[in-house]
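Worksheet: the structure to be examined is printed underneath.
Just so it is clear, the model here is predicted, and its values are computed rather than measured.
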2 protein chains.
Amino acid sequence: MSTQSKSCLVEKLSYYVDLDDIAEKHLAALEEHERNYYRHQEVYSEGDELQYLHVVKEGWFYSYTDMPDGRRQIIRVLHPGDIIGFPDISFEEATCNVRASEDGCLCPFPKSKLDVIFRESPKLTALMFSIANRDHACVIDTLRAMGRMDARERLSYFFLDIIARLRVTNKAMSNTIRMPMNQHEIGDALGLTHTYVSKTIREMEDAGLISRNGATLTLGYEDKLRDMVDFSDRYATLDTSWFPS
Amino acid sequence: MSTQSKSCLVEKLSYYVDLDDIAEKHLAALEEHERNYYRHQEVYSEGDELQYLHVVKEGWFYSYTDMPDGRRQIIRVLHPGDIIGFPDISFEEATCNVRASEDGCLCPFPKSKLDVIFRESPKLTALMFSIANRDHACVIDTLRAMGRMDARERLSYFFLDIIARLRVTNKAMSNTIRMPMNQHEIGDALGLTHTYVSKTIREMEDAGLISRNGATLTLGYEDKLRDMVDFSDRYATLDTSWFPS
DNA sequence: GGGCTGCATCAATCTATCTTGAAGACGGCG
DNA sequence: CGCCGTCTTCAAGATAGATTGATGCAGCCC
């Protein structure tokens with residue numbers, strides 16, 4: 001149980017808004033149960049009857065969809081403190097698969113716990129609403145990348161996005177990240193083949209834009225990369241001005 | 001004012017759940033004001049300070065983003081009864097542009113009207129939450145199409161999506177739709193060039209998959225097209241089982 | 001009627017990315 | 001230590017889709 005130290009969820013949300021005791025109590029209820037997953041383990045699959053959302057407690061996960069012929073699209077990488085499943089909430093069945101990118105831990109909670117929040121805490125409701133729609137905006141950014149960017153730009157966007165997300169809970173973070181996804185997975189996230197990911201990353205490294213050290217990746221000129229893809233940080237701030245008090 | 005006949009918004013939402021008088025009153029408040037737009041007119045632009053959402057009252061609109069070098073990505077086509085702006089709600093500034101695809105009419109309402117709904121109607125809150133996240137799931141479907149489908153599949157997906165949406169308010173609709181977007185816009189929605197859209201549509205027509213008549217488009221073998229892209233209808237049903245009563 | 005503009009179409013060329021196959025690098029494990 | 005699976009890299013050839021520029025058609029305005 002996660003009572004001794006603050007949970008990642010509370011940490012992440014309190015970055016945006018002050019959480020009172022009642023709100024923290026509601027959030028703690030979302031993390032009552034937990035379950036461990038090992039690298040590449042499936043959490044749930046498209047078409048599964050699904051009445052749960054999940055809070056990521058530890059490790060990286062990702063959501064993805066498959067096409068009948070085996071093509072795969074990774075939709076979103078999920079980090080500790082993220083909530084998994086908002087886009088699925090409108091349906092009885094899961095619309096995508098979720099898998100552990102590395103060993104990790106999730107806290108499942110039923111949709112009906114949101115109902116309690118909706119009835120008892122308008123402020124937390126507004127926050128949940130904002131987080132879900134912020135994630136929506138991030139998927140739109142990915143869509144833009146996939147539709148109109150070439151391979152180098154997509155990779156830059158991908159790395160910038162991840163680093164911006166990790167900074168929410170670790171403001172002091174440098175421009176070096178641990179990268180627990182292989183090139184096949186990165187390709188599936190960006191609509192590229194793993195061979196082309198390999199080639200492009202190598203070229204970016206040769207150009208001095210990034211450097212690697214094992215599973216660790218460092219962005220060389222973050223400003224230059226940001227300009228290249230016209231990057232907007234969707235994580236640094238949230239408009240809470242209209243929230244109920 | 002839209003008091004004599006039911007508004008598109010109410011019509012669309014009551015497709016999913018019974019709306020009581022209080023809910024209808026809240027929804028009517030979202031459509032108090034209205035403004036007309038002509039074809040290709042900009043509603044708002046990326047970076048604009050934006051405290052409003054909009055209900056589409058009449059006509060097709062679309063949201064899109066531009067890259068500095070002129071590349072453009074259309075994110076989503078919006079029809080009467082749709083709510084524009086959920087993905088922007090978390091930010092003070094608009095994250096995308098919105099434009100009229102043809103002459104039409106919008107009803108702007110401030111974010112703070114959601115706040116009222118959050119405080120007074122948990123049921124309508126859950127519905128808004130579901131609609132916003134349903135739209136999120138639809139953008140994910142588009143992402144899948146852009147990442148892993150070829151041109152013909154993307155076009156099939158695009159047409160199937162539109163027809164499924166229109167069926168929510170018009171169940172009797174055949175497989176013929178009016179298509180008020182030109183091929184350049186369709187290309188921007190699907191990450192293709194307008195010349196390639198033209199070529200591919202022509203080939204699909206020659207193959208008997210679709211047929212055209214002016215600005216009207218008919219899907220030949222809807223089942224075949226659905227199989228080709230593994231299509232899921234996100235509009236026909238919504239899971240309301242967990243809603244507060 | 002004549003000219004303009006927007007739109008769809010066609011064709012020739014070009015290129016980014018895919019496909020396939022094979023070879024290193026690396027770590028884990030018997 | 002040596003084997004084996006996973007991951008990355010390299011190379012050669014194939015192709016889907018981009019690019020550019022020209023043509024035709026329709027509606028619209030003068």
When you check the side-chain N and O atoms of A/N175 and A/T218, is any donor under 3.5 Å from an acceptor? no
So what does B/G191 touch, heavy atoms closer than 4.0 Å: a base, only the sugar-phosphate, or nothing? sugar-phosphate
For atom CD1 of A/I210 and atom P of D/dT8, their distance in whole Å: 12 Å
Once you round it to whole Å, what is the distance between C1' of D/dT15 and CZ of B/R152? 16 Å
Kindly point out which of C/dA8, C/dC18, D/dG17 is positioned nearest to the side chain of A/L192? C/dC18
Calculate the interatomic distance between B/E185 atom CD and C/dC7 atom P; express it in whole Å. 8 Å
So, OP1 or OP2 of C/dC18: does either fall under 4.0 Å of a side-chain N or O from A/R71? no
For A/Y64 and A/R99, what are the C-alpha separation, side-chain angles and deciding distance, and is it a side chain to side chain donor-acceptor pair (under 3.5 Å)? CA-CA 8 Å; A/Y64 69 99; A/R99 175 173 291 196; 3.2 Å; yes
Go through B/S7 and B/E31 one step at a time and tell me if the side chain to side chain donor-acceptor pair (under 3.5 Å) criterion holds. CA-CA 9 Å; B/S7 85; B/E31 293 186 290; 2.7 Å; yes
Salt bridge or not between B/D82 and B/R76? Use side-chain N to carboxylate O under 4.0 Å. no
Please lay out, stage by stage, how A/H54 and A/Y44 fare under the test ring pair (Phe, Tyr, Trp, His ring centres under 6.0 Å). CA-CA 11 Å; A/H54 295 80; A/Y44 58 80; 5.7 Å; yes
So, A/R154 side chain and A/L190 main chain: donor-acceptor pair closer than 3.5 Å or not? yes
Closest nucleotide among C/dC7, C/dA8, D/dA18 to the B/R212 side chain: C/dA8
Under-4.0 Å side-chain N/O to phosphate OP1/OP2 contact, B/Q183 with C/dT9: yes
Figure out the CD/C1' separation between A/E153 and C/dT17, and round it to whole Å. 14 Å
Nearest-angstrom distance from the residue atom NZ of B/K199 to P of C/dA12: 12 Å
Does B/R167 make a cation-pi contact with B/Y235, if we ask for NZ or CZ under 6.0 Å from the ring centre and within 45° of the axis? no
B/F61 and B/Y37 aromatic ring geometry - parallel, tilted or perpendicular at 30°/60° bounds: perpendicular
Looking only at side-chain N and O atoms, does A/S198 come under 4.0 Å of OP1 or OP2 in D/dT8? no
Side chain to side chain donor-acceptor pair (under 3.5 Å) for B/N133 and A/S90? Distances and angles first, verdict last. CA-CA 7 Å; B/N133 285 121; A/S90 318; 5.6 Å; no
By nearest heavy atom, map A/R39 and B/R154 onto DNA chain D; which one lands nearer the 5' end? A/R39
Round to the nearest Å and state the distance from B/M181 atom CE to C/dG6 atom P. 18 Å
Nucleotide C/dT17, atom C1' - distance to CZ of B/R148 in whole Å: 11 Å
Let me know the distance between CG of B/D150 and P of D/dA18, rounded to the nearest Å. 12 Å
Pairwise N/O distances under 3.5 Å, protein to nucleotides 19-27 of chain C:
none

Quick one: bend of the helix from C/dG1-D/dC30 to C/dG30-D/dC1 from 5 pairs per end, to 10°? 30°
Touch check for A/I201, heavy atoms < 4.0 angstrom, all strands: base, sugar-phosphate only, or nothing? nothing
Closest non-hydrogen atom pair, B/M146 against B/A189: SD-O, 3.8 Å
Under 4.0 angstrom between A/R202 side-chain N/O and D/dT8 OP1 or OP2: no
